[in-house]
Amino acid sequence: MKAVLLVGGKGTRLRPLTYRIPKPLIPLMGKPLMMHVIDSLPEEVDETIVPVGYMREVMESYLEENPPRRKITIVEEQQPMGTGGAVKNVEDYIDGPFLVINGDSISSLDIGAFIGFHRSKKAFASISLWGVDDPTPFGIVDLDANQRIERFQEKPSREEAFSRLANAGVYALEYEALDHIGEGFVSMEREVFPNILDRGMYGLRFEGYWVDCGTRESLLSAFRTLMRDGVMDDSRLAPTIIESGAQVDGATIGRNSYISSGVLVGQGTSIENSVVYRDAIIGDECTISNSIVDVGMAVSDRSKIIDMIASNASPPSD
Ligand code: GDD
Ligand code: MG
């Protein structure tokens with residue numbers, strides 16, 4: 001079974017971080033966001049197809065330097081085709097029922113069980129669902145007693161919001177679903193889903209976690225979620241991770257922080273709710289809070305970095 005990973009966005013809300021690397025490669029607990037998604041695929045997914053426009057060369061060289069355990073095929077997308085158009089654009093790589101995954105979030109969805117759900121419902125399309133408080137930034141569905149989707153609406157207004165069950169961005173689709181995606185720029189959510197409802201679309205709600213990684217706040221929250229799940233250091237203020245090879249003696253590393261290897265933190269500096277990427281050098285008596293510090297940044301003594309993405313990266317030339 002093939003999976004199409006949708007990571008075509010430019011990650012504008014994570015600039016300037018995404019001037020240096022494309023969003024799918026942003027490290028989350030030492031592993032690119034994209035690899036968290038790919039590693040969560042069950043064995044039966046034997047190839048992940050990634051249509052890429054923005055910074056394709058950077059993705060290709062990452063994969064050359066870090067050969068993945070599983071087959072990943074990068075396909076050029078000359079201009080953004082939309083979530084549906086991007087899938088249509090790689091249809092030659094698809095040979096049967098397939099998955100489509102929005103690559104901008106991490107979740108605890110058991111994708112193997114989700115594929116099982118799709119099969120057991122004999123669905124034409126299945127969608128993973130997550131309960132939200134505010135449905136307006138999402139696609140929403142309502143389900144009948146048999147988990148069949150009766151309505152799908154993308155980005156409802158407050159008045160239109162008929163449910164709080166949001167599309168969590170993992171789909172299982174029958175091969176024939178490709179026939180329902182037209183040429184050119186096509187939105188899966190606005191154009192394709194409403195049109196295939198009558199073929200049998202089903203929704204599987206899951207529990208656990210689902211965190212978008214599109215903004216500074218949400219990326220920090222993704223770190224927090226994974227740190228709570230994983231190892232903690234012996235600090236009393238866990239969850240906090242200090243990778244080996246980071247030097248933090250004389251600094252206070254508070255809760256919800258991730259300090260990467262090669263980082264130097266000066267005396268009297270305090271850091272909380274923040275991520276410091278590899279090789280950053282932070283001076284003495286700084287305060288860093290709710291922030292992300294980019295790879296190799298030099299932060300001078302007594303700086304205050306609060307609610308920021310601190311990076312020297314500038315826009316790529318293309
Ligand atoms: N290759 C490619 N080409 N990928 C694209 C394109 C494109 O033209 N446009 C968007 N993508 C990728 C994005 O990078 C992202 O990973 C995914 O497709 C979804 O697009 P977003 O732009 O992030 O959509 P959204 O967050 O507003 O809404 C979508 O996700 C929500 C869940 O996070 C929709 O699927 C909603 O229905 C859903 O609730
Ligand atoms: Mg998104």
Side-chain angles (χ1 to χ4, degrees), residues 1-6 37-51 70-71 73 82-103 105-132 135 138-154 156 162-183 186-210:
M1 188 179 213
K2 313 293 180 201
V4 181
L5 186 65
L6 294 177
V37 179
I38 292 173
D39 288 346
S40 76
L41 295 170
E43 287 299 320
E44 67 183 291
V45 177
D46 54 4
E47 182 176 7
T48 303
I49 298 136
V50 193
R70 324 198 28 184
K71 186 167 179 194
T73 305
T83 47
V87 173
K88 185 76 177 172
N89 191 38
V90 298
E91 69 178 341
D92 290 350
Y93 295 82
I94 300 171
D95 53 5
F98 61 104
L99 298 175
V100 174
I101 304 177
N102 285 354
S105 58
I106 52 158
S107 85
S108 58
L109 174 68
D110 176 340
I111 295 179
F114 175 68
I115 297 170
F117 169 84
H118 176 75
R119 289 195 184 118
S120 73
K121 294 292 182 188
K122 299 196 168 42
F124 190 68
S126 300
I127 298 184
S128 59
L129 301 173
W130 180 257
V132 295
F138 302 109
I140 54 167
V141 305
D142 55 16
L143 293 181
D144 74 8
N146 195 26
Q147 289 165 284
R148 185 164 175 163
I149 297 175
E150 296 179 311
R151 276 190 285 179
F152 183 97
Q153 167 139 29
E154 184 63 14
F162 51 78
S163 123
R164 288 187 174 169
L165 265 186
N167 167 17
V170 178
Y171 320 132
L173 301 166
E174 289 302 294
Y175 185 65
E176 293 71 35
L178 290 168
D179 298 339
H180 295 260
I181 308 177
E183 297 299 319
V186 178
S187 160
M188 199 71 157
E189 299 86 346
R190 292 178 197 276
E191 296 166 74
V192 181
F193 289 161
N195 278 324
I196 60 174
L197 272 182
D198 58 354
R199 300 294 306 269
M201 275 179 80
Y202 288 80
L204 178 67
R205 183 177 184 161
F206 65 99
E207 304 290 331
Y209 63 83
W210 179 66

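What you see below is based on every heavy atom in this structure, not just the backbone, and it leaves out hydrogens, waters and symmetry mates. Just so it is clear, the structure is predicted and the values come from calculations on it, not from any experiment.
The closest side-chain heavy-atom distance from T83 to V87 is not below 4.5 Å. At a threshold of 4.5 Å between non-hydrogen side-chain atoms, the residues L143 and I149 count as touching. In this structure, F152 and N167 have side chains that are in contact, with non-hydrogen atoms separated by less than 4.5 Å. T73 has its side chain out of reach of V90: every pair of non-hydrogen atoms, C-beta onward, lies at least 4.5 Å apart. A 4.5 Å side-chain heavy-atom check between R199 and H180 finds at least one atom pair inside the cut-off. For the pair R205/Q147, no side-chain contact is recorded, criterion being any heavy-atom separation below 4.5 Å from C-beta on.
Taking CZ of F206 as the start and CH2 of W130 as the end, the distance is 5.5 Å to the nearest 0.5 Å. Atom CD of E47 is separated from atom CG of L41 by 12.0 Å, given to the nearest 0.5 angstrom. Taken from CG in L5 to CD1 in I38, the straight-line distance is 5.5 Å, to the nearest 0.5 Å. Note that the NZ atom of K121 and the OG atom of S126 stand 9.5 Å from one another [nearest 0.5 Å]. In this structure, CE in M201 is found 10.5 Å from CG in N195, a value given to the nearest 0.5 Å.
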Checklist line | Test log, rule side chain to side chain contact (heavy atoms under 4.5 Å, CB included), inputs L204 and I127 | finding: CA-CA 6 Å; L204 178 67; I127 298 184; over 6 Å; no
Checklist line | T48 vs V37, side chain to side chain contact (heavy atoms under 4.5 Å, CB included): CA-CA, chis, key distance, verdict | finding: CA-CA 10 Å; T48 303; V37 179; over 6 Å; no
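Nearest heavy atom pair, residue I140 against residue P135, reads CG2-CB, 3.5 Å. Smallest separation of non-hydrogen atoms from D144 and E150: CB-OE2, 3.5 Å. Across G85 and I181, no two heavy atoms sit closer than the pair N-CG2, 4.2 Å. The two residues A168 and S105 come nearest to each other via the heavy atoms O-OG, 4.4 Å. Closest approach of I196 and A125 over heavy atoms only: CD1-CB, 3.9 Å. The minimum heavy-atom distance between S40 and I111, with the atom names listed, is OG-CD1, 3.7 Å.
Between the side chain of S163 and the backbone N or O of V141, at least one donor-acceptor pair lies under 3.5 Å. One N or O on the side chain of S108 and one on the backbone of Y209 form a donor-acceptor pair closer than 3.5 Å. For N146 (side chain) and R148 (main-chain N/O), no donor-acceptor pair under 3.5 Å exists by modelled atom type.
Results of the salt bridge (charged side-chain N to carboxylate O under 4.0 Å, His left out) test with E44 over R70, K2, R119 single out R119 as the only residue that passes.
In this structure, Y202 and F117 have perpendicular ring planes: the angle between them is above 60°, well past the 30° mark.
Ion pairing between a basic and an acidic side chain is recognised when a charged N comes within 4.0 Å of a carboxylate O; K88 and E191 show no such pairing.
Ring centroids of Y171 and F193 are separated by less than 6.0 Å, placing the two rings close together.
Remark: F162 CZ is packed, more than 12 non-hydrogen atoms of other residues, nucleotides or ligands lying under 6.0 Å away.
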